[in-house]
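Structure, as structure tokens:
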Amino acid sequence: MGHKGGKKGKSGQYSTDQSVLEGLAGSGVPIAGKVLDWRQLAKLKSTYTDALQAAINPNTGRVHTSYSLVGAQTGRLSSTDPNLQNIPIRTEIGREIRKAFVAEPGNVLLAADYSQIELRLAAHMADVPALKEAFARGEDIHARTANEMFGHVDRDTRARAKTINFAILYGISRWGLGTRLGVPADEAQAMIDRYFERFPGIQRYIHETLESVRERGYSETLFGRKTWFPRIRSANQAERAGSERAAINAPIQGTSADIIKRAMARMMPTLREAGLGHVRMLLQVHDELVFELPEGDAAAAAPIIERVMAEAAGPSVKLDVPLGIEIGTGSNWGDAH
DNA sequence: TATCGACGCCAC
DNA sequence: AAACGTGGCGTCGATA
């Protein structure tokens, strides 16, 4: 259509994905925004509105997922038929889908989330004083990062700091961070250098993790569960780099997965001891557990659920940071957040 | 009719 | 040229 294309794609075709269309929309191409709007609604209808109603079990009147305990390399669960671990929440219209998950009359849904668990685990595992201190004080971690890196906190620096924090967890690269922040790779590299300077444990963690994986072939979670990386010494640069990023992430994501599994294993026995054996644990969404229970039991159950989750690393692992839990209730899943 | 790869997008 | 981790699943077109 006369617009110069930014290449992409392994088939050589021009990409029309979200980032490309957002760029065009920002350059005054009206149809780009229209396509994005249409795509969002088409996605919500086909993947959620239509598919979830078709998945209702006629015997129970409910949607039942299947969990795989070996679905993810890192030890996370995966969910299929239907996947209930990717129900929309970020946009207002998407959140309407989540609100369609409702409790039975007289009951509520209770959602309990680990707050920033992977960043907390990174602070512990990499032994980063500034991050551990921030979590101990209950500070806004992205704001703290912004202040450390840029010397002040505003909307923009906090957003950048949040992106950088996530990039660290995922195995950072100057190109990936540059793309995300919309800056050249050398500027992204300068930010990475700055991050390592302010949080020196991170660079050490990355270095030691990679050295260990190259030597032994696997990484370990805090509980000793291994993930193997057979391509960590590949001669293929892209393959090797991909393995390195996964190897940096696996101990963090994997430890988080271990912790919530421990919480799940202890949850119902602990609730039963408190006379709350009728509480139903419905869903796990990586750092979140969803329960259904009589409205009148929520006040009694919430602190027990919180304690089981907060203490789930112990006694075998003693963390230097507290595990924060956010709990909400509502007549539907959307309002429980 | 079933399966696969590419593309795109939802979640954490 | 170049996407930073873990997944599942929709549509489309090609193929069996």
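Side-chain atoms are counted along with the backbone in the values below, which use heavy atoms only and exclude waters and symmetry mates.
Using a 4.0 Å heavy-atom cutoff across all strands shown, Thr80(A) reaches sugar-phosphate atoms only and no base atom. Note on Ile89(A): only backbone sugar-phosphate atoms sit closer than 4.0 angstrom, heavy atoms only; bases stay farther off. Residue Glu288(A) is out of contact with every strand shown, counting any heavy-atom pair closer than 4.0 Å. If you check every strand for non-hydrogen atoms under 4.0 Å, Ile87(A) touches sugar and phosphate atoms only.
Judged as a side chain to side chain donor-acceptor pair (under 3.5 Å), and not counting sequence neighbours, Gln73(A) has no contacts.
Under the 3.5 Å distance criterion, with hydrogens and angles disregarded, a donor-acceptor pair is assigned to the side chains of Ser19(A) and Asp17(A).
With distances taken from any side-chain atom of Thr179(A) to the nucleotides dC9(C), dC4(C), dA3(C), the minimum falls on dA3(C). Between dA2(C), dC9(C), dC12(B), one nucleotide has an atom nearer to the side chain of Asn83(A) than all others, and that is dC9(C). Comparing dG7(C), dA2(C), dC12(B) against the side chain of Trp175(A) picks out dA2(C) as the nearest. When distances run from any side-chain atom of Pro88(A) to the nucleotides dA11(B), dC4(C), dC9(C), the shortest one goes to dA11(B). In this structure, of dC9(B), dG7(C), dC4(C), it is dC9(B) that holds the atom nearest to the side chain of Asp17(A). Across dC4(C), dA3(C), dC12(B), the shortest atom-to-atom separation from the side chain of Asp287(A) is found for dC12(B). When each of dG8(C), dC9(C), dT6(C) is scored by its nearest atom to the side-chain atoms of Ser78(A), the top-ranked nucleotide is dG8(C).
Nucleotides dC9(B) and dA3(C), compared at atom P, are 15 Å apart to the nearest Å. As rounded to the nearest Å, dC4(C) and dC4(B) have C1' atoms that lie 28 Å from one another.
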For the pair Glu92(A) and Arg95(A), evaluate salt bridge (charged side-chain N to carboxylate O under 4.0 Å, His left out) and give the outcome as yes or no after the intermediate values. CA-CA 5 Å; Glu92(A) 204 47 53; Arg95(A) 185 177 274 254; 5.0 Å; no

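Atom P of nucleotide dC9(B) and atom CD of Glu22(A) are separated by 9 Å, given to the nearest angstrom. Rounded to whole Å, atom C1' of dA2(C) lies 14 Å from atom CG of Leu177(A). Leu84(A) has its CG atom 13 Å from the C1' atom of dC10(B), to the nearest Å. One atom, CZ of Arg174(A), and another, P of dC4(C), lie 12 Å apart when rounded to the nearest Å. Atom C1' of nucleotide dC7(B) and atom OH of Tyr14(A) are separated by 17 Å, given to the nearest angstrom. Rounded to a whole Å, the CD atom of Gln13(A) is 12 Å from the P atom of dA14(C). Counting to the nearest Å, the P atom of dC4(C) and the CD atom of Gln189(A) are 13 Å from each other. We find that CG of Asp258(A) is positioned 16 Å from P of dT6(C), with the value rounded to whole Å.
One finds a side-chain N or O of Arg90(A) lying less than 4.0 angstrom from the OP1 or OP2 phosphate oxygen of dC12(B). The phosphate of dC10(B) has OP1 or OP2 within less than 4.0 Å of a side-chain N or O from Gln18(A).
By the 4.0 Å N-to-carboxylate-O rule, Arg144(A) lies close enough to Glu139(A) to be salt-bridged with it. Under a 4.0 Å N-O distance rule, the pair Asp156(A)/Arg160(A) qualifies as a salt bridge. Using a cut-off of 4.0 Å between Lys/Arg side-chain N and Asp/Glu carboxylate O, Glu118(A) and Arg76(A) are scored as salt-bridged. Using a cut-off of 4.0 Å between Lys/Arg side-chain N and Asp/Glu carboxylate O, Glu311(A) and Arg262(A) are scored as not salt-bridged.
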Per-pair distances, 0.1 Å, donor-acceptor, side chain in residues 291-305 of chain A, under 3.5 Å, sequence neighbours excluded:
residue, atom, partner, partner atom, Å
Glu292(A), OE1, Arg62(A), NH1, 3.0
Glu292(A), OE1, Arg62(A), NH2, 2.9
Glu292(A), OE1, Arg280(A), NH2, 3.4
Glu292(A), OE2, Arg62(A), NH2, 3.3
Glu292(A), OE2, Glu104(A), N, 2.8
Asp297(A), OD2, His278(A), NE2, 2.5

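For the segment residues 35-72 of chain A, residues with any heavy atom less than 4.0 angstrom from an atom of DNA chain B are, sorted by number, Arg39(A), Lys43(A), Tyr48(A). Looking at residues 324-337 of chain A, you'll see that no heavy atom sits under 4.0 Å from any atom of DNA chain C. Less than 4.0 Å separates DNA chain C from at least one heavy atom of each of the following residues of residues 223-256 of chain A: Arg245(A), Ala246(A), Asn249(A), Gln253(A).
For residues 178-190 of chain A, every residue pair satisfying the side-chain hydrogen bond (donor to acceptor under 3.5 Å, both in side chains) rule, not counting sequence neighbours, is listed here: Arg174(A)-Gln189(A), Gln189(A)-Asp193(A).
Comparing Ile172(A) and Ser79(A) against DNA chain C, the residue whose closest nucleotide sits nearer the 5' end is Ile172(A).
Thr255(A) places no side-chain N or O within donor-acceptor distance of the main-chain N or O of Ile252(A), the cut-off being under 3.5 Å. Judged by distance alone, the side chain of Glu288(A) and the main-chain N or O of Tyr114(A) form no donor-acceptor pair under 3.5 Å.
Ser212(A) pairs with exactly one of Arg214(A), Glu208(A), Arg216(A) by the side chain to side chain donor-acceptor pair (under 3.5 Å) rule, that one being Arg216(A).
In this structure, Met191(A) and Phe150(A) have side chains that are in contact, with non-hydrogen atoms separated by less than 4.5 Å.
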